[in-house]
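For the single chain, residues carry numbers from 1 onward in sequence order.
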Amino acid sequence: MKHILTRLIPAALVLCLTLTACGGKDDGSGAGYDPAATAQALLDSGAFTDTLDTTDKDTVAVLYGVEADSIVDCACYTSLSAGAEEIAVLTMKDADSAKAAMAGMEARVADQKTALESYQPDEVSKLDKAILTQSGNTVVLVVAADADKAQSTLDGLSK
């Protein structure tokens with residue numbers, strides 16, 4: 001019996017250490033931010049001056065130039081006043097679709113700058129401070145009146 005225990009204890013320790021090593025790291029494939037919770041925290045942060053309303057998944061796919069079926073989960077809010085303020089948190093199915101979503105978000109910011117510079121030039125400064133970030137397969141775009149407050153909120157949510 002003692003012989004069996006001396007073999008099982010080291011094996012159990014190795015197993016525990018292996019399982020512990022798997023937790024808590026972002027290997028680039030995880031979800032990163034939770035879309036609904038992140039968007040709600042940003043909405044509650046006081047960083048926005050416009051009234052924002054939800055946008056459905058199909059519209060999100062069009063806005064950022066991605067396939068709707070590559071979006072695993074999302075929360076997106078856009079300005080009701082046709083202003084620049086926006087929140088988009090998209091969890092994509094894989095690294096390639098996350099990369100495509102990030103490129104789409106960058107293009108959206110550039111397109112919005114072009115569109116708004118002639119009729120809402122005050123909104124362009126918000127776009128100049130747009131927050132674009134990626135955590136695992138989740139990409140985030142935030143265009144807020146108070147970019148520092150929005151960034152602070154994101155920093156509080158990051159792992």
Side-chain angles (χ1 to χ4, degrees), residues 20-159:
T20 303
C22 292
K25 288 188 177 182
D26 181 8
D27 63 0
S29 65
Y33 295 98
D34 173 76
T38 301
Q40 190 60 56
L42 287 163
L43 287 168
D44 294 342
S45 72
F48 301 89
T49 56
D50 288 351
T51 302
L52 303 178
D53 194 24
T54 59
T55 305
D56 65 76
K57 182 178 173 178
D58 291 332
T59 303
V60 168
V62 172
L63 284 176
Y64 306 113
V66 296
E67 296 294 324
D69 64 353
S70 69
I71 301 171
V72 174
D73 192 13
C74 68
C76 183
Y77 293 82
T78 55
S79 174
L80 287 175
S81 67
E85 293 188 17
E86 185 169 329
I87 300 169
V89 186
L90 284 62
T91 300
M92 307 304 289
K93 71 178 181 180
D94 56 33
D96 288 339
S97 58
K99 184 177 177 180
M102 181 60 79
M105 288 178 169
E106 291 168 350
R108 167 109 171 126
V109 170
D111 292 346
Q112 286 286 84
K113 282 182 185 181
T114 302
L116 294 173
E117 67 188 357
S118 61
Y119 74 97
Q120 286 184 309
D122 293 342
E123 295 293 298
V124 175
S125 64
K126 295 176 186 178
L127 290 159
D128 288 337
K129 296 177 184 175
I131 300 166
L132 288 155
T133 189
Q134 181 174 349
S135 179
N137 290 340
T138 302
V139 291
V140 179
L141 166 63
V142 182
V143 181
D146 188 339
D148 292 336
K149 193 176 281 187
Q151 184 63 61
S152 176
T153 300
L154 281 176
D155 291 346
L157 296 171
S158 65
K159 295 180 182 178

A.B. asks: Shortest non-hydrogen contact from Ala47 to Ala144?
C.D. replies: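 Distance-wise, the nearest heavy atoms are O-CB, 3.5 Å.
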
A.B. asks: Among Thr78, Thr49, Thr51, exactly one meets side-chain hydrogen bond (donor to acceptor under 3.5 Å, both in side chains) together with Glu85. Which residue is that?
C.D. replies: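 For Glu85, the side-chain hydrogen bond (donor to acceptor under 3.5 Å, both in side chains) check succeeds only for Thr49.
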
A.B. asks: If you measure from CG on Leu90 to CG on Asn137, what distance do you get to the nearest 0.5 Å?
C.D. replies: 11.5 Å

A.B. asks: Exactly one of Val109, Asp146, Asp50, Leu116 should register a side-chain contact (heavy atoms from CB on, under 4.5 Å) with Lys126. Which one does?
C.D. replies: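 That would be Asp50; it is the only one of Val109, Asp146, Asp50, Leu116 passing the side-chain contact (heavy atoms from CB on, under 4.5 Å) with Lys126.
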
A.B. asks: Rounded to the nearest 0.5 Å, what's the gap from CG on Asp148 to OG on Ser45? Could you check?
C.D. replies: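 Reported to 0.5 Å precision, the distance equals 11.5 Å.
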
A.B. asks: Mind listing the closest non-hydrogen atom pair of Tyr77 and Leu52 along with its distance?
C.D. replies: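 Answer, listing the atom of Tyr77 first, then Leu52: CB-CB, 3.9 Å.
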
A.B. asks: Can you list the steps and then say if Ser79 with Phe48 is a side chain to side chain contact (heavy atoms under 4.5 Å, CB included)?
C.D. replies: CA-CA 10 Å; Ser79 174; Phe48 301 89; over 6 Å; no

A.B. asks: How close do Thr55 and Val60 get, heavy atom to heavy atom, and via which atoms?
C.D. replies: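 Answer, listing the atom of Thr55 first, then Val60: O-CG2, 3.9 Å.
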
A.B. asks: Any salt bridge between Asp128 and Lys113, counting N to O under 4.0 Å?
C.D. replies: yes

A.B. asks: Look only at the side chain of Thr38 and the backbone of Pro35, and say whether a donor-acceptor pair between them is shorter than 3.5 Å.
C.D. replies: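 Checked: no pair found.
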
A.B. asks: Check the pair Thr59, Asp56 against side-chain hydrogen bond (donor to acceptor under 3.5 Å, both in side chains), reporting the backbone distance first and the verdict last.
C.D. replies: CA-CA 5 Å; Thr59 303; Asp56 65 76; 3.2 Å; yes

A.B. asks: To the closest 0.5 Å, what do you measure between CG (Asp53) and OG (Ser81)?
C.D. replies: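 One gets 11.5 Å once the value is rounded to the nearest 0.5 Å.
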
A.B. asks: Measuring from Gln112:CD to Leu141:CG, what's the distance to the nearest 0.5 Å?
C.D. replies: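 With rounding to 0.5 Å, CD (Gln112) is 9.5 Å from CG (Leu141).
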
A.B. asks: Going from CD on Gln151 to OG1 on Thr133, what distance comes out if it is rounded to the nearest 0.5 angstrom?
C.D. replies: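 OG1 of Thr133 is found 7.0 Å from CD of Gln151.
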
A.B. asks: Pair up each side-chain donor or acceptor in residues 98-108 with any protein partner under 3.5 Å, not counting sequence neighbours, and list the distances.
C.D. replies:
unit_1 : atom_1 : unit_2 : atom_2 : d
Arg108 : NE     : Glu86  : OE1    : 3.1
Arg108 : NE     : Glu86  : OE2    : 3.1
Arg108 : NH2    : Glu86  : OE1    : 2.9

A.B. asks: Step by step, would you call Tyr64 with Val139 a side chain to side chain contact (heavy atoms under 4.5 Å, CB included)?
C.D. replies: CA-CA 11 Å; Tyr64 306 113; Val139 291; over 6 Å; no

A.B. asks: Start with the C-alpha gap between Leu154 and Leu42, add the side-chain angles, then the distance that decides, and say whether side chain to side chain contact (heavy atoms under 4.5 Å, CB included) holds.
C.D. replies: CA-CA 8 Å; Leu154 281 176; Leu42 287 163; 4.3 Å; yes

A.B. asks: For Ala147 versus Ile131, what's the shortest heavy-atom pair and its separation?
C.D. replies: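 The answer is O-CD1, 3.6 Å.
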
A.B. asks: Between Asp94 and Ser97, is the side-chain hydrogen bond (donor to acceptor under 3.5 Å, both in side chains) condition met? List the steps.
C.D. replies: CA-CA 6 Å; Asp94 56 33; Ser97 58; 2.9 Å; yes

A.B. asks: Work out which heavy atom in Val140 is nearest to a heavy atom in Tyr33; give both atom names and the distance.
C.D. replies: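 Minimum heavy-atom separation between Val140 and Tyr33: CG2-CD1, 3.7 Å.
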
A.B. asks: So, taking the atom named CG in Asp111 and the one named CG in Leu63, what distance separates them when rounded to the nearest 0.5 Å?
C.D. replies: 10.5 Å

A.B. asks: Give me the atom names and distance for the closest heavy-atom approach of Val142 to Ala150.
C.D. replies: CG1-CB, 3.8 Å

A.B. asks: Kindly write out the residues that satisfy side-chain contact (heavy atoms from CB on, under 4.5 Å) with Ala110, not counting sequence neighbours, or none if the list is empty.
C.D. replies: none

A.B. asks: Please assess Asp69 against Lys93 for the test salt bridge (Lys or Arg N to Asp or Glu O under 4.0 Å), listing each intermediate value before the final yes or no.
C.D. replies: CA-CA 8 Å; Asp69 64 353; Lys93 71 178 181 180; 5.1 Å; no

